Number of protein chains: 2
Amino acid sequence: MSNEGLWSRTRQAAIAEVGTVAMDLFLQKGFEETTFDDIAAAAGISRRSLFRYFGTKEDIVLSHLAGDGALIRDALAARPDDEPVWTALLNVLLLIDDGGGDRARLLKISEMMYGVPSLRARSLEKHLRWQSDLLPEVKRRLGTASGDLQAAAVITSAIACLDAAGEIWTREKGAVPLGNLLTDAFDAVRQAAR
Amino acid sequence: MSNEGLWSRTRQAAIAEVGTVAMDLFLQKGFEETTFDDIAAAAGISRRSLFRYFGTKEDIVLSHLAGDGALIRDALAARPDDEPVWTALLNVLLLIDDGGGDRARLLKISEMMYGVPSLRARSLEKHLRWQSDLLPEVKRRLGTASGDLQAAAVITSAIACLDAAGEIWTREKGAVPLGNLLTDAFDAVRQAAR
DNA sequence: GGCCTATTGACACTCAGTGCCAGACAGGCC
DNA sequence: GGCCTGTCTGGCACTGAGTGTCAATAGGCC
């Protein structure tokens, strides 16, 4: 129903393009200053259809950012079994270092992200959803003595490090590679938690 | 302008009562099913004034929950200097274990909190704001080798543990004291991060 | 071509949130 | 007491997000 056929593939492409148009508007006029009517007009579709593509403005931004729960889960499963959990999580998060696109645009998006409260909140929520994707594998690695709480604590702490690193990266205008910051953050927790 | 005078004190009390009325409605009808008009009518004030008291519905709930940034900051400053940071943070967060009120109500509020996405997001945001309150003191304790990134990583990880513990506490219907869960969560990160 | 189904756009609606303005109301001053 | 002043309140109108409904349509399938 959804993934096969020329139909849905072109539709996905169309939706993606609408998203790009919207992002351009956000970066030009600001997130909160851009209305759904603006986006619909710029994209040449009706307001109603826009709502069908993206339920909220926040969804538009979120869908344009890297990080897929399933991908991360698979990446963690692929790490060697004897690697300590904390190191494994670091290595997995290092993979989403980058959006692949141009730096300046990514930085502007990040600034918007950290500047608009509702966006920041949605980003946190999205990261939180990774928790459920990673839980089984982390529990397995932690051993039988650990339950959901222990695994959840470790995962959310790791994600918290990612958020902290991302915030500093943004504040420093991308001067230091996110990977370095992330490693430093993980090390800091390693040092402090003992 | 705000803290002195019989006037503003009675006003604060009135606002608090409106908040309680609203919380009762939320717990009865559900958060999203309760409109501002409902609350204003039940509280006997105009919709416009209600908006002046609380900018959003989420604010009503948040203002009814424990946890003040300044309080936590002071509590951390009061911990002995030779206490490891991670332990000090645990001890500080243990202080906000409880809302003081009746358990069943607190549990229902927590369930609403974790069940309604917009509320969950606002709660995360609120906790995030504690980060800036704690940053100077944690930086001081981490020593000169550490900067904002290191301190932020440690703090957000600690807060992440609090959220994880809170979630499990809610899922388990408050069967295990939050303090125990929080301690376990901190220990889990202690074990994993090495 | 003709049928079937999903998608679209238009309309109407609810509700959150904000700006504006006029009236009420408490406190200070004469 | 009467007056002035600043604040609080309620009412009105407005924008914008988000949803339900329904007729028109466009593409895929036979």
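Naming convention: chains lettered A, B, ... in sequence-line order (proteins, then strands); numbering from 1 in each chain. Just so it is clear, the model here is predicted, and its values are computed rather than measured.
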**Fill in**
To the nearest angstrom, the CD-C1' distance between Glu33(B) and dA16(C) comes to 15 Å
**Atom-pair distance (CZ on Phe31(A); C1' on dA17(D)), nearest Å** = 11 Å
**Prompt:** Going by an N to O cut-off under 4.0 Å, is there a salt bridge joining Arg105(A) and Asp24(A)?
**Reply:** yes
**Request:** Please round to the nearest 0.5 Å and tell me the distance separating atom CD1 of Ile159(A) and atom CG of Leu93(A).
**Result:** 7.0 Å
**Prompt:** Which residues within residues 41-52 of chain B lie with some heavy atom under 4.0 Å of an atom in DNA chain C?
**Reply:** Arg47(B), Arg48(B), Phe51(B)
**Prompt:** Can you tell me if Asp38(B) and Thr35(B) form a side-chain donor-acceptor pair at under 3.5 Å?
**Reply:** yes
**Request:** Determine yes or no for a side-chain-to-main-chain donor-acceptor pair under 3.5 angstrom, with Ser123(A) supplying the side chain and Leu119(A) the backbone.
**Result:** no
**Prompt:** CD1 of Ile39(A) versus P of dG16(D): gap in Å, rounded?
**Reply:** 12 Å
**Pairing of Lys173(B) and Glu111(B) as salt bridge, 4.0 angstrom limit** = yes
**Message:** Expected output is a numbered-order residue list: members of residues 109-122 of chain B with a heavy atom under 4.0 Å from any atom of DNA chain D. What is it?
**Reply:** none
**Request:** Using a cut-off of strictly less than 4.0 Å, decide whether Tyr53(B) has a side-chain nitrogen or oxygen near OP1 or OP2 of dC8(D).
**Result:** no
**Message:** Tell me whether Asp81(A) is salt-bridged to Arg140(A), with the criterion being a basic N under 4.0 Å from an acidic carboxylate O.
**Reply:** yes
**Request:** Rounded to the nearest angstrom, tell me the gap between atom NZ in Lys57(A) and atom P in dA16(C).
**Result:** 18 Å
**Message:** Does anything in residues 110-163 of chain A form a ring pair (Phe, Tyr, Trp, His ring centres under 6.0 Å)? List the pairs, not counting sequence neighbours.
**Reply:** His127(A)-Trp130(A)
**Asked** Applying the side-chain contact (heavy atoms from CB on, under 4.5 Å) test to Leu182(B), which of Ile96(B), Ile168(B), Leu90(B), Asp187(B) qualifies?
**Response** Leu90(B)
